[in-house]
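Structure, as structure tokens:
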Amino acid sequence: MTHAHAIEIVPSTQVVTVSYKGVVLAETKHALVLREGRLPPRYYIPEADVRMELLTPTSKHTVCPFKGTASYWSVRVGDELLPDLVWSYPDPIPDATEIAGMLCFYNERVEIDASG
């Protein structure tokens with residue numbers, strides 16, 4: 001039995017704060033929650049609500065058949081470099097246009113508080 005793979009993108013009703021070792025990397029009232037299969041929910045955050053001065057673009061790109069081609073950034077917190085921690089779909093496929101240009105952090109590598 002096969003199941004169709006689908007993504008669901010909905011606005012978050014919470015304030016979403018992303019931090020690493022106590023340093024806030026992003027905070028927004030305008031996050032989108034993307035649910036995809038068995039993956040953890042991902043929070044896509046407007047660039048205006050991300051501390052872009054901590055991010056450095058990398059050469060990494062990945063392709064997702066459900067979202068398009070992603071670009072990545074590394075994050076510097078103090079003297080620690082977190083490689084390819086953040087990604088974005090600058091030009092996603094039509095089914096995922098809501099997340100165009102928004103940034104997403106690996107839940108597994110940062111603290112995300114979506115309870116505010």
Side-chain angles (χ1 to χ4, degrees):
M1 182 175 187
T2 60
H3 295 281
H5 186 100
I7 61 172
E8 175 190 33
I9 302 170
V10 296
S12 172
T13 58
Q14 309 294 330
V15 173
V16 175
T17 304
V18 180
S19 58
Y20 180 79
K21 295 185 177 176
V23 175
V24 173
L25 307 176
E27 186 169 51
T28 188
K29 297 176 184 172
H30 307 289
L32 294 177
V33 183
L34 187 144
R35 293 181 179 87
E36 179 179 358
R38 294 184 173 148
L39 296 173
R42 300 291 189 191
Y43 293 91
Y44 282 79
I45 298 172
E47 184 176 323
D49 296 332
V50 176
R51 292 187 58 197
M52 295 302 292
E53 75 275 10
L54 301 177
L55 277 61
T56 304
T58 72
S59 60
K60 181 176 179 174
H61 292 87
T62 57
V63 177
C64 170
F66 308 103
K67 296 184 288 291
T69 301
S71 302
Y72 287 76
W73 287 263
S74 293
V75 177
R76 181 167 296 282
V77 176
D79 58 3
E80 196 171 351
L81 184 66
L82 309 165
D84 299 317
L85 179 69
V86 182
W87 70 90
S88 177
Y89 291 91
D91 187 23
I93 67 170
D95 287 347
T97 55
E98 302 99 315
I99 62 170
M102 297 181 86
L103 290 99
C104 189
F105 293 77
Y106 277 106
N107 304 31
E108 305 87 345
R109 296 170 58 193
V110 295
E111 295 84 47
I112 295 181
D113 178 359
S115 62

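What's counted below: heavy atoms across the whole structure, side chains too, no hydrogens, waters or symmetry copies.
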Smallest separation among heavy atoms of [X] and [Y], with atom names:
X      : Y      : value
Ser88  : Met102 : OG-O, 2.9 Å
Thr28  : Pro46  : OG1-CD, 3.7 Å
Gly68  : Tyr89  : O-CE2, 3.3 Å
Phe66  : Ile7   : O-CD1, 3.5 Å
Ile45  : Ala31  : CG1-CB, 4.4 Å
Arg109 : Leu82  : NH2-C, 3.8 Å

Derivation of the side chain to side chain contact (heavy atoms under 4.5 Å, CB included) call for Leu81 and Arg76: CA-CA 5 Å; Leu81 184 66; Arg76 181 167 296 282; 4.0 Å; yes

Test: [X] and [Y] ion pair at under 4.0 Å:
X      : Y     : result
Glu8   : Arg42 : no
Glu111 : Lys21 : no
Lys67  : Glu36 : yes

With the side chain counted from C-beta on, respond yes when [X] and [Y] share a heavy-atom pair under 4.5 Å apart, and no when they do not.
X      : Y      : value
Val110 : Leu85  : yes
Arg51  : Val75  : no
Val24  : Val18  : no
Tyr44  : Trp87  : yes
Leu55  : Leu25  : no
Val86  : Cys104 : no
Ile112 : Val16  : yes
Ile9   : Val33  : no

Any side-chain donor paired with an acceptor under 3.5 Å for Ser59 and Tyr72?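 Note: Ser59 and Tyr72 side chains miss the donor-acceptor criterion.
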
Under 3.5 Å, is there a donor-acceptor pair between the Asp113 and Thr17 side chains?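 Judged by distance alone, the side chains do not pair up.
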
Calculate, to the nearest 0.5 Å, the distance between atoms [atom1] and [atom2] belonging to [X] and [Y] respectively.
X      : Y     : atom1 : atom2 : value
Leu32  : Ile99 : CG    : CD1   : 8.5 Å
Ser12  : Lys29 : OG    : NZ    : 12.5 Å
Tyr106 : Asp84 : OH    : CG    : 7.5 Å

Out of curiosity, does Val15 fall in the hydrophobic cluster containing Phe105 (side-chain heavy atoms, cut-off under 4.5 Å, transitive links)?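 No.
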
Is a side-chain donor or acceptor of Asp91 paired with a backbone partner of Ala100 at a separation under 3.5 angstrom?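 No, Asp91 side chain to Ala100 backbone: no donor-acceptor pair under 3.5 Å.
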
Heavy-atom count around Glu98 CD within 6.0 Å, excluding the residue itself: above 12?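 More than 12 within 6.0 Å, yes.
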
